[in-house]
Amino acid sequence: MRRKYKSIIIAAYFLFLYSASALSAGLSAGTVRIDINSDFISYDNTKDLLTSSGNVRVLYKNIKLRADRLTYNRNNGEINASGNISFKTDNYSLLSEKIRYNIFSSTGRVFTAKVTAEPLYIYADEIEIRSKTVFFIPRGDLTTCDHSPPHYKFTGKNILVDTESKFRIFNMFMTIRGIPALYSPYYFKTIGPKKSRTDIDVGKSNREGYFVKSKISYPFSQNSRSYIGVDYMSIIGLGLKAGHNYSTARGKLNLGWYYVNEKESLSEARDDKYRKNNKFNLIGWQRIKENFRIRGKAEYVDDREFNYHYIHQVGQEYYQQKVYMQAALEYSKSVYFASLSMDKEEEWENGKYRIKRYILPGLRLRVLPVKLPFNSNFSVNTRYQNKYIRAKENWQPYFNWNTKIVTSHRKDFTKQYFVTLSPDAGYYIRYSADSGVFTHYVSLFTGMRQGLYNKLFFDSDYQWKQEAGKPYKIVTSKLDQKITYRPLRPLRLTTRSSYDFCRENIHSVGEFFSTVNLKLKDFNLFIRNRYDYYDKRNKDWLFEIGIMNYFKSTVKYNYLNPLRLEIAAELKRRIGAFTIESGLQFYSQRSSVKKWDYKFDRFIQKSLNITWDMHCWESNLRFINRGDEYEFWVLFNISAFPETKAGLYGDIISNEEGQIMDTDYRFHRE
């Protein structure tokens, strides 16, 4: 019995030593204590060393550690742990078999470990912990895929990872499902929101030759970002670019500059003296006070352009040099708006700048809709400007004033019957130097809608506009009518007619539309026929069928071209990890023997888009063919970094004879 009490006293003594050591370790690390719990604990007072084993748990500040065995040196704060280690901090967590870690300096070394630092997963035989957020891996694997084994991984040497900002890898091999896919002597990636962004294009084109284009942008604040870049083009020369973008709730500014110093051989071949091409633009606005705002635009272009008119013509080259300026002072308050603005455009011709367009400071006043009794709105709009037209070499003043009243009223006679009336009356005054006289207009727009049993609806709109001068002249007299019937909820039958009584108007129409729209769950059918009153014949037919959101087909037939039938089809389907989108638009030609001919070269456009979603990364293949132009993209991006993309782009343009006129191939990385 005495031995039993002796054992209890010894056990209590060791527990006292343990609690004392934990408290003192906490004090040596500051005011936060370190707690160690395990099945067995021993303490060496001479070495100030605590040893524990069996379900070891350590808690210190934001650090949580579990292991089978552990030793802790209270003097220097060093922990040596082994066996089924789980280590967690605010920035990362790891699983390992052996770890040496200093709780005071937050440094250490891990062996045979897997580190999770969202969105990264790191696998290595040895990892050096340099700080709370920085790791150094002599050799290891890095990925963002949480599968085991991962779908893809980066393998390299001298890997440096900062969990809050970036990682870098030397001699990087990228493998996808164990197959080597990419090698780079150096790879760098930003983690989290990008402070800076780098765009690189490497490729070849007919006009520029081999090129390397780069652009680096850096945000000085959340609302301010600047960029610089260098372009090398083997045929043209060296290009430089710079700019700044600024945007807040009180203002916005976009400033850009691009400069190209052409090669002397290029200028000699063209027999001209122009070697330095420039582009400059400044666009922005700024709120001065609560109700005042200034707005401006300045543009200077001194550049050689090379244009292709696909299909019809060969490439054309021209040189343009112009200056454009625009400025405005605006005032807005409540329902009032006023603007004082001007703009000027000049072109370089015959050794000097000549005005192409010039508008002297002009005034614009507007009274936004003001509420009046009887559910009415009143508005006024006025504009005056004095414009110079170079073709006529004179100044032409222009004045426009209009005012109108709009109202709408609905009367419910019963629950099944209602009538809505919407009149709109206006008065206009215009003056232009072309006519040399003031022109007065009176307009009236009336709209009425009747509803019966929420199934039958009648809509009638009448537009009338008359010149108020002498003699009186009706400018517009047009009637639109529409009848909609919904016998069933998914079925809608519509007829719509339009007739213009003023046939002298070049925009006059006399048409009748009849449509059928049937929607049943995932199925949609739309049919439309258009009939012309004047020609006494149909103008066209339109058939459209859609199934869910993955198939749609459209057929158009125009009576003005009876030998041509246009057909379009779109397909979107997901098959496993693949999403396939394709589109075809072509026409068929009917011969004199009334046989339809579906030739392959009559496709207007063909497109194919295949997206491969593999959980942790995504690849995209896009192809578009428009007549004599072919474009394709092969893009790749990691799901954890959607803002970063890399891929190939190609563009080929040919003429009607099939000769290649222009090509552009490039590798792009953001």
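By convention here, the first residue in the shown sequence is residue 1. What you see is a predicted model; the values in this text were computed from it and never measured.
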* Could you go through the side chain to side chain contact (heavy atoms under 4.5 Å, CB included) check for Tyr121 and Val115 one step at a time? => CA-CA 6 Å; Tyr121 300 92; Val115 178; over 6 Å; no

* **Stepwise ring pair (Phe, Tyr, Trp, His ring centres under 6.0 Å) check, Tyr183 with Phe173** => CA-CA 5 Å; Tyr183 168 77; Phe173 285 90; 4.8 Å; yes

* For side chain to side chain donor-acceptor pair (under 3.5 Å), just list the numbers for Tyr665 and Asp651, CA-CA rounded to whole Å, side-chain angles, deciding distance to a tenth of an Å, and then say yes or no. => CA-CA 6 Å; Tyr665 302 100; Asp651 187 8; over 6 Å; no

* To do: Evaluate the side chain to side chain contact (heavy atoms under 4.5 Å, CB included) criterion for residues Phe636 and Met174: first the C-alpha distance (whole Å), next the side-chain angles of each, then the deciding distance (0.1 Å), finally the verdict.
  => CA-CA 13 Å; Phe636 172 86; Met174 180 182 180; 3.2 Å; yes

* Asked: Yes or no on side chain to side chain donor-acceptor pair (under 3.5 Å) for Thr663 and Asn206, after CA distance, side-chain angles and deciding distance?
  -> CA-CA 6 Å; Thr663 60; Asn206 278 16; 2.7 Å; yes

* Asked: For Tyr218 and Tyr227, what are the C-alpha separation, side-chain angles and deciding distance, and is it a ring pair (Phe, Tyr, Trp, His ring centres under 6.0 Å)?
  -> CA-CA 6 Å; Tyr218 183 83; Tyr227 69 87; over 10 Å; no

* Mind running side chain to side chain contact (heavy atoms under 4.5 Å, CB included) on Lys552 and Glu544 for me, showing each step along the way? => CA-CA 7 Å; Lys552 181 180 178 182; Glu544 187 174 284; 3.4 Å; yes

* After noting the C-alpha distance and the side-chain angles of Thr611 and Phe578, does the key distance pass the side chain to side chain contact (heavy atoms under 4.5 Å, CB included) rule? -> CA-CA 6 Å; Thr611 303; Phe578 292 91; over 6 Å; no

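Annotation: Phe523, atom CZ; neighbour count of heavy atoms from other residues, nucleotides and ligands within 6.0 Å is above 12. Open room surrounds CG on Asn55; 12 or fewer heavy atoms of other groups in view lie less than 6.0 Å from it. The environment of CG in Asp125 is sparse: at most 12 heavy-atom neighbours from other residues, nucleotides or ligands sit within 6.0 Å. Around NZ of Lys204, the count of heavy atoms belonging to other residues, nucleotides or ligands within 6.0 Å exceeds 12. Few gaps surround CZ on Arg168; more than 12 heavy atoms of other groups in view lie less than 6.0 Å from it.
Between Val230 and Lys241, the shortest heavy-atom distance links the atoms N-CE, 4.5 Å. Between Thr143 and Lys153, the closest heavy-atom pair is CB-CA, 4.0 Å. What you find for Ser52 and Ile41 is that their closest heavy atoms are CB-CG1, 4.0 Å. Taking every heavy atom of both residues into account, Ala67 and Leu65 meet most closely at CB-CD2, 4.0 Å. The minimum heavy-atom distance between Ile169 and Gly156, with the atom names listed, is CG2-CA, 3.7 Å. A pairwise comparison of heavy atoms in Asn76 and Glu78 identifies OD1-N, 3.0 Å as the closest pair.
Asp141 and Thr155 share a donor-acceptor pair across their side chains, judged by distance under 3.5 Å alone. Tyr258 and Asp231 are linked by a side-chain donor-acceptor pair at a separation below 3.5 angstrom, with hydrogens and angles left out of the test. With hydrogens and angles left out, the side-chain atoms of Asn620 and Glu618 include no donor and acceptor closer than 3.5 Å. Judged purely by distance below 3.5 Å, without hydrogens or angles, the side chains of Thr144 and Tyr152 pair a donor atom with an acceptor atom. Side-chain contact check for Arg197 and Ser217: no donor-acceptor pair (N or O, by modelled atom type) lies under 3.5 Å.
Proximity of Glu581 to Arg622: side-chain heavy atoms (C-beta onward) are nowhere separated by under 4.5 Å. By the 4.5 Å heavy-atom criterion applied to side chains, Tyr649 and Val634 are not counted as neighbours. Residues Tyr72 and Asn80 fail the side-chain proximity criterion, which asks for heavy atoms closer than 4.5 Å. Side-chain contact between Leu621 and Asn609 is absent, with no heavy-atom pair separated by less than 4.5 Å. Within the 4.5 Å cutoff, side-chain heavy atoms of Ser86 are placed close to those of Leu95. At a threshold of 4.5 Å between non-hydrogen side-chain atoms, the residues Tyr92 and Phe87 count as touching. Leu94 places none of its side-chain heavy atoms less than 4.5 Å from the side chain of Thr116. With a 4.5 Å cut-off on side-chain heavy atoms, Thr71 and Ile79 do not count as touching.
Using modelled atom types, no side-chain atom of Thr579 and backbone atom of Arg574 make a donor-acceptor pair closer than 3.5 Å. A donor-acceptor pair under 3.5 Å is absent between the side-chain atoms of Ser205 and the main chain of Asp664, judged by distance alone. Thr112 contributes no side-chain N or O that, together with a main-chain N or O of Ser96, makes up a donor-acceptor pair within less than 3.5 Å. Panel note: side chain Asn254, backbone Tyr246; no donor-acceptor pair is recorded below 3.5 Å.
Rounded to the nearest 0.5 angstrom, Ile34 CD1 and Arg74 CZ are separated by 11.5 Å. How far NZ of Lys572 is from CE of Met548: 11.0 Å, rounded to the nearest 0.5 Å. Here the CZ-CD1 distance, from Arg626 to Ile604, works out to 13.0 Å after rounding to the nearest 0.5 Å. One distance of note links CG of Asp39 with CZ of Arg57; it measures 9.5 Å at 0.5 Å rounding. Taking CZ of Phe135 as the reference point, atom CG of Leu142 lies at 11.0 Å (rounded to 0.5 Å). From Ser226, atom OG reaches atom CG of Asn245 across 8.0 Å, with rounding to the nearest 0.5 Å.
A salt bridge links Glu128 and Arg130; the closest N-O separation between the charged side-chain nitrogens and carboxylate oxygens is under 4.0 Å. In summary, Glu208 and Lys213 engage in a salt bridge, as defined by a charged side-chain N under 4.0 Å from a carboxylate O. Salt-bridge formation is not detected for the pair Arg139/Glu126: no Lys NZ or Arg NE/NH1/NH2 atom is positioned less than 4.0 Å from an Asp or Glu carboxylate oxygen.
For the pair Arg573 and Tyr550, the cation sits on the ring face: its NZ or CZ lies under 6.0 Å from the ring centre, inside 45° of the axis. Both tests do not hold together for Lys114 against Tyr123: distance to the six-membered ring centre under 6.0 Å, angle to the ring axis within 45°. At least one test fails for Lys157 against the ring of Phe170: distance under 6.0 Å to the centre or angle within 45° of the axis.
No close placement of the Tyr232 and Phe211 rings is indicated, their centers lying 6.0 Å or farther apart. Tyr630 has its ring centre no less than 6.0 Å from the ring centre of Phe632.
The aromatic rings of His147 and His151 sit tilted relative to each other, their planes meeting at an angle between 30° and 60°. Relative orientation of the Trp617 and Trp612 rings is perpendicular, given thresholds of 30° and 60° on the angle between their planes.
When Thr190, Ile122, Leu160, Leu120 are each tested for a side-chain contact (heavy atoms from CB on, under 4.5 Å) with Phe167, only one passes: Leu120.
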